[in-house]
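Report on one structure; see the data block that follows.
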Amino acid sequence: MKKWLTISTLCAVFLIGGCNTANDQQEPEEEVNGEETEEDPSTEQTPEDDDAEQEGEDEGVENNEDFLAVEDEFTKEFLVSTDVEPGFHQMRGKLDGFEMLIPENGIISDLLHDIENDDAETVIYTFNNYREKKLYDVQVMYQSHYPEELKQSYLNVFKRANNFEGEYKYVEANGLEMYYGSLEDKDEYGPYVQYFSYLFAKDRNQAISYSYTAMCQGEEECTLSFEKDIAMAEKLMHSIRLLDQ
(Lines give C-alpha, C1' and ligand atoms only; values in the text may rest on other atoms or scores of the structure.)
Protein backbone atom coordinates (compact mmCIF):
# COMPACT_ATOMS: atom_id res chain seq x y z
CA MET A 1 0.00 0.00 0.00
CA LYS A 2 1.01 3.64 -0.44
CA LYS A 3 3.65 3.06 -3.11
CA TRP A 4 3.95 6.85 -3.49
CA LEU A 5 5.35 6.96 0.05
CA THR A 6 8.13 4.63 -1.05
CA ILE A 7 8.93 6.87 -4.02
CA SER A 8 8.81 9.98 -1.88
CA THR A 9 11.05 8.36 0.75
CA LEU A 10 13.52 7.42 -1.97
CA CYS A 11 13.61 11.01 -3.17
CA ALA A 12 14.14 12.21 0.38
CA VAL A 13 17.07 9.83 0.80
CA PHE A 14 18.73 11.27 -2.29
CA LEU A 15 18.15 14.81 -1.08
CA ILE A 16 19.50 14.05 2.40
CA GLY A 17 22.47 12.28 0.91
CA GLY A 18 23.22 15.36 -1.17
CA CYS A 19 23.10 17.58 1.90
CA ASN A 20 25.42 15.29 3.86
CA THR A 21 27.86 15.22 0.97
CA ALA A 22 27.87 18.98 0.91
CA ASN A 23 28.53 19.14 4.64
CA ASP A 24 31.38 16.65 4.38
CA GLN A 25 33.06 18.87 1.80
CA GLN A 26 33.04 22.01 3.94
CA GLU A 27 36.47 23.63 4.13
CA PRO A 28 38.26 23.86 7.49
CA GLU A 29 38.22 27.09 9.44
CA GLU A 30 40.49 29.80 8.12
CA GLU A 31 43.70 30.55 9.90
CA VAL A 32 44.88 34.08 10.69
CA ASN A 33 48.60 34.55 11.19
CA GLY A 34 48.99 30.80 11.48
CA GLU A 35 46.36 30.46 14.23
CA GLU A 36 42.86 29.15 13.97
CA THR A 37 40.26 31.84 14.43
CA GLU A 38 37.88 31.41 17.34
CA GLU A 39 34.21 31.89 16.87
CA ASP A 40 32.78 34.97 18.51
CA PRO A 41 30.57 33.80 21.41
CA SER A 42 28.08 36.50 20.47
CA THR A 43 27.43 34.70 17.17
CA GLU A 44 26.78 31.31 18.73
CA GLN A 45 23.24 30.04 18.33
CA THR A 46 21.23 29.75 21.51
CA PRO A 47 18.31 27.42 22.28
CA GLU A 48 16.07 30.48 22.00
CA ASP A 49 17.31 31.01 18.43
CA ASP A 50 16.55 27.37 17.64
CA ASP A 51 13.02 27.79 18.97
CA ALA A 52 12.54 30.92 16.88
CA GLU A 53 13.76 29.16 13.74
CA GLN A 54 11.49 26.19 14.39
CA GLU A 55 8.55 28.52 14.87
CA GLY A 56 9.33 30.17 11.55
CA GLU A 57 9.50 26.79 9.82
CA ASP A 58 6.16 25.82 11.32
CA GLU A 59 4.64 29.03 10.01
CA GLY A 60 5.96 28.18 6.56
CA VAL A 61 4.27 24.79 6.69
CA GLU A 62 1.01 26.43 7.64
CA ASN A 63 1.30 28.72 4.61
CA ASN A 64 1.21 25.65 2.37
CA GLU A 65 -2.47 25.44 3.24
CA ASP A 66 -3.12 28.17 0.66
CA PHE A 67 -0.84 26.75 -2.05
CA LEU A 68 -2.90 26.15 -5.18
CA ALA A 69 -2.40 24.30 -8.45
CA VAL A 70 -2.33 27.56 -10.44
CA GLU A 71 0.56 28.77 -8.24
CA ASP A 72 2.78 25.72 -8.74
CA GLU A 73 5.02 26.04 -11.79
CA PHE A 74 5.14 22.34 -12.67
CA THR A 75 1.44 21.70 -12.04
CA LYS A 76 0.50 24.65 -14.26
CA GLU A 77 2.11 22.89 -17.22
CA PHE A 78 -0.69 20.28 -17.08
CA LEU A 79 -3.66 22.64 -16.73
CA VAL A 80 -5.70 23.14 -19.90
CA SER A 81 -8.64 24.93 -18.28
CA THR A 82 -9.16 26.47 -14.85
CA ASP A 83 -12.31 26.61 -12.74
CA VAL A 84 -14.23 24.23 -15.00
CA GLU A 85 -16.46 23.73 -11.98
CA PRO A 86 -16.23 25.05 -8.42
CA GLY A 87 -13.03 23.79 -6.82
CA PHE A 88 -11.69 21.94 -9.88
CA HIS A 89 -9.47 22.50 -12.91
CA GLN A 90 -9.01 20.38 -16.03
CA MET A 91 -5.60 18.76 -16.56
CA ARG A 92 -4.05 16.85 -19.47
CA GLY A 93 -1.12 14.43 -19.48
CA LYS A 94 2.01 15.55 -21.31
CA LEU A 95 1.59 12.76 -23.88
CA ASP A 96 -1.83 14.29 -24.72
CA GLY A 97 -3.35 10.89 -24.04
CA PHE A 98 -5.84 11.71 -21.28
CA GLU A 99 -7.62 14.50 -19.45
CA MET A 100 -9.26 14.55 -16.03
CA LEU A 101 -10.25 16.86 -13.19
CA ILE A 102 -7.75 17.98 -10.58
CA PRO A 103 -8.81 19.75 -7.35
CA GLU A 104 -7.78 23.40 -7.18
CA ASN A 105 -5.26 22.56 -4.43
CA GLY A 106 -3.88 19.50 -6.20
CA ILE A 107 -0.11 19.57 -6.69
CA ILE A 108 1.81 17.42 -9.21
CA SER A 109 5.40 16.75 -8.17
CA ASP A 110 7.98 16.69 -10.95
CA LEU A 111 9.80 14.01 -8.92
CA LEU A 112 6.77 11.71 -9.20
CA HIS A 113 6.07 12.26 -12.91
CA ASP A 114 7.44 9.87 -15.50
CA ILE A 115 7.22 9.28 -19.25
CA GLU A 116 8.54 6.03 -20.71
CA ASN A 117 9.36 5.62 -24.41
CA ASP A 118 6.76 8.27 -25.35
CA ASP A 119 4.23 5.49 -24.86
CA ALA A 120 3.40 5.45 -21.15
CA GLU A 121 2.98 8.22 -18.58
CA THR A 122 2.63 8.23 -14.80
CA VAL A 123 1.11 11.25 -13.04
CA ILE A 124 0.75 11.49 -9.26
CA TYR A 125 -0.87 14.41 -7.51
CA THR A 126 -1.76 15.07 -3.90
CA PHE A 127 -4.12 17.46 -2.14
CA ASN A 128 -4.95 18.17 1.50
CA ASN A 129 -7.84 18.92 3.77
CA TYR A 130 -6.04 20.71 6.60
CA ARG A 131 -9.17 21.28 8.64
CA GLU A 132 -9.89 17.55 8.78
CA LYS A 133 -6.16 16.61 8.83
CA LYS A 134 -6.49 14.44 5.71
CA LEU A 135 -4.17 13.79 2.78
CA TYR A 136 -5.31 12.51 -0.61
CA ASP A 137 -3.16 10.80 -3.20
CA VAL A 138 -4.19 10.23 -6.83
CA GLN A 139 -2.12 8.12 -9.24
CA VAL A 140 -2.81 7.52 -12.91
CA MET A 141 -0.74 5.41 -15.31
CA TYR A 142 -1.58 5.93 -18.98
CA GLN A 143 -0.72 3.52 -21.82
CA SER A 144 -1.12 4.66 -25.41
CA HIS A 145 -1.04 1.01 -26.57
CA TYR A 146 -1.49 -2.21 -24.68
CA PRO A 147 -1.61 -5.82 -25.92
CA GLU A 148 -5.32 -6.61 -25.89
CA GLU A 149 -4.64 -10.30 -25.25
CA LEU A 150 -3.07 -9.28 -21.91
CA LYS A 151 -6.07 -7.33 -20.67
CA GLN A 152 -7.08 -9.93 -18.07
CA SER A 153 -3.49 -10.27 -16.90
CA TYR A 154 -3.34 -6.52 -16.35
CA LEU A 155 -6.51 -6.68 -14.26
CA ASN A 156 -5.19 -9.58 -12.17
CA VAL A 157 -1.85 -7.90 -11.48
CA PHE A 158 -3.56 -4.61 -10.60
CA LYS A 159 -5.85 -6.41 -8.16
CA ARG A 160 -2.89 -8.03 -6.39
CA ALA A 161 -0.98 -4.75 -6.32
CA ASN A 162 -3.87 -3.20 -4.39
CA ASN A 163 -4.27 -6.19 -2.03
CA PHE A 164 -7.82 -6.59 -3.25
CA GLU A 165 -9.37 -10.03 -2.81
CA GLY A 166 -12.85 -9.21 -4.04
CA GLU A 167 -14.27 -9.03 -7.56
CA TYR A 168 -14.16 -5.98 -9.78
CA LYS A 169 -17.34 -4.08 -10.41
CA TYR A 170 -17.91 -3.08 -14.03
CA VAL A 171 -19.48 -0.10 -15.76
CA GLU A 172 -19.26 1.51 -19.19
CA ALA A 173 -19.08 5.30 -19.48
CA ASN A 174 -17.39 7.95 -21.63
CA GLY A 175 -16.40 5.36 -24.21
CA LEU A 176 -14.54 3.39 -21.52
CA GLU A 177 -14.83 -0.03 -19.94
CA MET A 178 -14.29 0.56 -16.21
CA TYR A 179 -13.25 -2.19 -13.80
CA TYR A 180 -13.13 -0.86 -10.24
CA GLY A 181 -13.00 -1.79 -6.58
CA SER A 182 -12.59 -0.19 -3.15
CA LEU A 183 -11.54 -1.05 0.36
CA GLU A 184 -10.78 0.45 3.76
CA ASP A 185 -8.03 -0.84 5.98
CA LYS A 186 -5.25 0.15 8.36
CA ASP A 187 -1.48 -0.21 8.11
CA GLU A 188 1.59 1.09 9.94
CA TYR A 189 0.75 4.62 8.79
CA GLY A 190 -2.84 4.51 10.07
CA PRO A 191 -6.29 4.02 8.51
CA TYR A 192 -6.88 4.58 4.82
CA VAL A 193 -9.59 4.37 2.18
CA GLN A 194 -8.58 3.20 -1.27
CA TYR A 195 -10.41 3.24 -4.60
CA PHE A 196 -8.86 1.87 -7.77
CA SER A 197 -9.87 1.14 -11.34
CA TYR A 198 -8.55 0.03 -14.69
CA LEU A 199 -10.09 1.83 -17.66
CA PHE A 200 -9.90 0.54 -21.24
CA ALA A 201 -10.98 2.45 -24.35
CA LYS A 202 -13.76 0.55 -26.13
CA ASP A 203 -12.69 1.39 -29.69
CA ARG A 204 -8.86 1.36 -29.44
CA ASN A 205 -6.17 -0.22 -27.29
CA GLN A 206 -5.55 2.67 -24.91
CA ALA A 207 -5.76 2.10 -21.18
CA ILE A 208 -5.26 3.92 -17.91
CA SER A 209 -5.07 2.71 -14.32
CA TYR A 210 -6.36 4.97 -11.57
CA SER A 211 -5.82 4.85 -7.82
CA TYR A 212 -7.19 7.18 -5.14
CA THR A 213 -6.14 6.96 -1.48
CA ALA A 214 -7.44 8.96 1.48
CA MET A 215 -5.40 8.91 4.70
CA CYS A 216 -4.54 10.99 7.75
CA GLN A 217 -1.78 13.59 7.47
CA GLY A 218 1.50 12.37 8.91
CA GLU A 219 0.94 11.03 12.42
CA GLU A 220 -2.21 13.08 12.92
CA GLU A 221 -5.44 11.37 13.92
CA CYS A 222 -8.44 11.92 11.67
CA THR A 223 -11.81 10.44 10.85
CA LEU A 224 -12.17 8.98 7.37
CA SER A 225 -15.60 8.80 5.79
CA PHE A 226 -15.79 5.82 3.42
CA GLU A 227 -18.90 7.11 1.63
CA LYS A 228 -17.59 10.66 1.26
CA ASP A 229 -14.14 9.61 0.09
CA ILE A 230 -15.53 7.06 -2.38
CA ALA A 231 -17.81 9.76 -3.81
CA MET A 232 -14.80 11.98 -4.49
CA ALA A 233 -12.84 9.04 -5.94
CA GLU A 234 -15.68 8.20 -8.33
CA LYS A 235 -16.07 11.83 -9.37
CA LEU A 236 -12.42 11.99 -10.39
CA MET A 237 -12.57 8.59 -12.12
CA HIS A 238 -15.62 9.51 -14.17
CA SER A 239 -13.89 12.73 -15.25
CA ILE A 240 -11.17 10.74 -17.07
CA ARG A 241 -11.21 10.93 -20.85
CA LEU A 242 -8.84 9.02 -23.13
CA LEU A 243 -7.98 11.23 -26.10
CA ASP A 244 -7.87 10.01 -29.69
CA GLN A 245 -4.32 10.33 -30.98
Side-chain angles (χ1 to χ4, degrees), residues 1-4 6-7 77-81 84-85 88-103 106 108-109 112-127 136-185 192-214 226-227 229-245:
M1 220 294 282
K2 301 183 183 176
K3 297 183 185 127
W4 70 278
T6 303
I7 300 174
E77 297 176 11
F78 293 81
L79 301 183
V80 292
S81 184
V84 292
E85 61 179 273
F88 293 90
H89 306 313
Q90 187 81 359
M91 61 155 287
R92 178 185 299 165
K94 289 198 172 185
L95 289 180
D96 295 325
F98 73 94
E99 287 189 2
M100 68 179 296
L101 291 177
I102 180 172
I108 302 171
S109 169
L112 303 180
H113 175 258
D114 182 64
I115 292 178
E116 184 177 350
N117 300 324
D118 291 328
D119 185 63
E121 179 176 12
T122 299
V123 176
I124 300 176
Y125 69 78
T126 59
F127 58 102
Y136 303 91
D137 166 68
V138 175
Q139 304 182 34
V140 293
M141 298 180 65
Y142 165 76
Q143 297 168 275
S144 61
H145 300 88
Y146 75 93
E148 294 188 29
E149 66 274 13
L150 297 180
K151 179 177 177 179
Q152 189 58 50
S153 296
Y154 281 24
L155 288 170
N156 293 339
V157 170
F158 192 57
K159 179 187 290 189
R160 289 195 297 269
N162 287 283
N163 297 317
F164 182 57
E165 298 179 355
E167 295 298 325
Y168 285 115
K169 294 182 180 179
Y170 176 82
V171 67
E172 293 183 9
N174 308 324
L176 301 173
E177 297 177 346
M178 300 179 172
Y179 298 82
Y180 64 96
S182 60
L183 57 87
E184 54 183 337
D185 205 345
Y192 63 89
V193 171
Q194 191 169 16
Y195 186 97
F196 43 88
S197 61
Y198 224 122
L199 285 57
F200 299 89
K202 294 180 66 175
D203 57 352
R204 51 191 183 277
N205 60 339
Q206 287 175 293
I208 189 167
S209 66
Y210 163 81
S211 178
Y212 168 102
T213 306
F226 185 80
E227 292 77 14
D229 289 324
I230 292 303
M232 171 62 83
E234 291 186 338
K235 177 182 180 67
L236 294 175
M237 182 187 74
H238 282 284
S239 75
I240 295 175
R241 302 289 188 275
L242 292 179
L243 306 178
D244 192 5
Q245 294 182 303

Q.
Measuring centre to centre across the rings, with the benzene-like ring taken for any Trp, is Y198 within less than 6.0 Å of Y179?
A. no
Q. Any donor and acceptor pair, going by atom type alone, linking the side chain of K159 with main-chain N or O of G166 inside 3.5 Å?
A. yes
Q. What distance do L242 atom CG and I208 atom CD1 have between them, rounded to the nearest 0.5 Å?
A. 6.0 Å
Q.
Does either side chain, that of S144 or that of D119, offer a donor lying less than 3.5 Å from an acceptor on the other one?
A. yes
Q.
I need the minimum non-hydrogen distance between F127 and G106, along with the two atoms involved.
A. CB-CA, 3.9 Å
Q. Any side-chain heavy atom of D244 within less than 4.5 Å of one from D203?
A. no
Q.
Counting C-beta onward and ignoring hydrogens, is there a side-chain heavy-atom pair between E116 and D114 closer than 4.5 Å?
A. yes
Q: Decide, yes or no, whether a salt bridge links E99 with R92 under the criterion of side-chain N to carboxylate O below 4.0 Å.
A: yes
Q: Answer yes or no: is there a side-chain heavy-atom contact under 4.5 Å between E121 and F98?
A: yes
Q: Mind checking the OG-CD spacing from S209 to Q143? Nearest 0.5 Å is all I need.
A: 7.0 Å
Q.
Under 6.0 Å between ring centres: does that hold for F200 and Y146?
A. yes
Q.
I'd like to know if the side chain of Y142 pairs up with that of Q206 as donor and acceptor (distance under 3.5 Å, no hydrogens or angles considered).
A. yes
(Q) Is it the case that the side chain of N174 and the backbone of H238 share a donor-acceptor pair, with hydrogens and angles ignored and the cut-off at 3.5 Å? (A) yes
Q | Rounded distance (nearest 0.5 Å) linking atom NZ of K202 with atom CE of M178 | A | 11.0 Å
Q | Minimum side-chain heavy-atom gap L183-Y192 below 4.5 Å | A | yes
Q) If every non-hydrogen atom of Y154 is compared with every non-hydrogen atom of P147, which pair is closest and at what distance? A) OH-CD, 3.4 Å
Q: Kindly indicate whether the side chain of F78, heavy atoms from C-beta on, has any atom under 4.5 Å from the side chain of I102.
A: no
Q.
My understanding is that only residues two or more places apart in sequence, or in another chain, count here; which of them pass side-chain hydrogen bond (donor to acceptor under 3.5 Å, both in side chains) with N156?
A. Q152
Q: Please examine the side chains of E77 and H113, heavy atoms only from C-beta on, and report whether any two atoms are closer than 4.5 Å.
A: no
Q: Report the distance from atom NE2 of H145 to atom CG of N205, rounding to the nearest 0.5 Å.
A: 5.5 Å
Q: Check whether any side-chain N or O of Y195 sits under 3.5 Å from a backbone N or O of M237 as a donor-acceptor pair, and report yes or no.
A: no
Q) Considering all heavy atoms of both residues, which atom of Y210 and which atom of F158 are nearest to each other, and what is their separation? A) O-CZ, 3.7 Å
Q) Got Q90 and L101 here, is their nearest side-chain heavy-atom distance under 4.5 Å? A) yes
Q) Does the side chain of Y136 reach to within under 4.5 Å of the side chain of D229, using non-hydrogen atoms? A) yes
